[in-house]
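Report on the structure given below.
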Amino acid sequence: MRIGELAERTGVSVRSLRYYETKGLLASERTSGGQREYPAAAVDRVRRIQEMFAAGLHSDTVGELLPCIHDVDGSPTAAATPFLVQKLTGERERIEQAMRDLDRTREVLDSVIEAASGSKPRAEGQG
């Protein structure tokens with residue numbers, strides 16, 4: 001299938017698909033006219049890439065992990081353990097640290113708002 005069809009079937013922009021190729025996450029064949037052609041399995045591959053990005057993984061990490069995960073069902077390959085578990089655990093710890101950092105940032109901002117307004121800032125969800 002051509003790049004436009006892959007984009008339509010996956011909901012991913014043509015630009016993103018080209019980016020995936022430059023990062024080595026996705027491969028295509030070229031026609032004699034230079035157009036990209038993808039196998040049907042590329043749909044599952046792109047969906048797997050999107051899932052990993054949605055999980056907060058960076059493209060370099062996605063590139064490391066893709067060989068450890070089957071595109072079709074997302075199950076680990078034989079090469080996955082313990083590397084996959086180690087990498088995913090590290091990524092989870094990175095995300096948890098980022099969340100703690102954001103909590104601290106919000107607390108500092110709340111203090112600044114309180115000092116600037118002379119009153120306590122409203123909690124989320126309060127009108």
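All values below come from the heavy atoms of this structure, side chains included, with hydrogens, waters and symmetry mates left out. What you see is a predicted model; the values in this text were computed from it and never measured.
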| said: Looking at Arg104 and Glu107, is there a salt bridge between them, counting it only when a charged N and a carboxylate O are closer than 4.0 Å? | reply: no
Candidate pair Ile49 and Val12, rule side-chain contact (heavy atoms from CB on, under 4.5 Å), full reasoning
CA-CA 10 Å; Ile49 292 166; Val12 174; over 6 Å; no
What one should report as the nearest heavy-atom pair of Ala27 and Tyr38 is O-CD2, 3.5 Å
Output for pair (Met99 CE, Asp101 CG), nearest 0.5 Å, gives 11.0 Å
Please walk me through it: do Phe53 and Ser59 pass side-chain contact (heavy atoms from CB on, under 4.5 Å)? CA-CA 7 Å; Phe53 282 146; Ser59 59; 3.9 Å; yes
d(Ile69 CD1, Arg48 CZ) to nearest 0.5 Å is 7.0 Å
Exercise. Are Val14 and Leu6 in one and the same hydrophobic cluster, where Ile, Leu, Val, Met, Phe, Trp and Tyr link if side-chain heavy atoms are under 4.5 Å apart?
Worked result: yes
Gln50/Thr10 under side-chain contact (heavy atoms from CB on, under 4.5 Å): CA gap, chis, key distance, verdict: CA-CA 9 Å; Gln50 286 298 112; Thr10 59; over 6 Å; no
Cluster overlap Leu65 with Ile95, hydrophobic side-chain contacts below 4.5 Å:
no
Review point. Side chains of Arg9 and Val46: does their closest heavy-atom pair fall under 4.5 Å?
Key: no
- Co-membership, hydrophobic cluster, residues Val85 and Val62, 4.5 Å side-chain: no
I'd like to know whether Val43 forms a side-chain contact (heavy atoms from CB on, under 4.5 Å) with Arg47, so could you lay out the CA-CA distance, the side-chain angles of the two residues, the decisive distance to 0.1 Å, and finally the verdict. CA-CA 6 Å; Val43 172; Arg47 289 182 179 145; 3.4 Å; yes
Heavy-atom nearest pair, Leu25 first then Arg45, reads O-NE, 2.9 Å
Note: Leu57 and Thr61 closest approach over all heavy atoms is CD2-CG2, 4.4 Å
Check your understanding: Quick check: are there more than 12 heavy atoms from other residues, nucleotides or ligands sitting under 6.0 Å from CD of Glu8?
Key -> no
Correct closest heavy-atom pair for Ser28 and Arg36 would be OG-CG, 3.5 Å
Less than 3.5 Å apart, any donor N or O on the side chain of Gln97 or Arg100 sitting next to an acceptor on the other? yes
- [ ] Before accepting this row, confirm whether a basic side-chain N of the pair Glu37/Arg30 lies closer than 4.0 Å to the acidic partner's carboxylate O.
- [x] no
Any donor and acceptor pair, going by atom type alone, linking the side chain of Ser75 with main-chain N or O of His70 inside 3.5 Å? no
In this structure, CG of Leu84 is separated from CD of Glu64 (nearest 0.5 Å) by 11.0 Å
Correct closest heavy-atom pair for Arg94 and Gly56 would be NH2-O, 2.6 Å
Scanning both residues in full, the closest heavy-atom pair of Ala7 with Ser13 reads CB-C, 4.3 Å
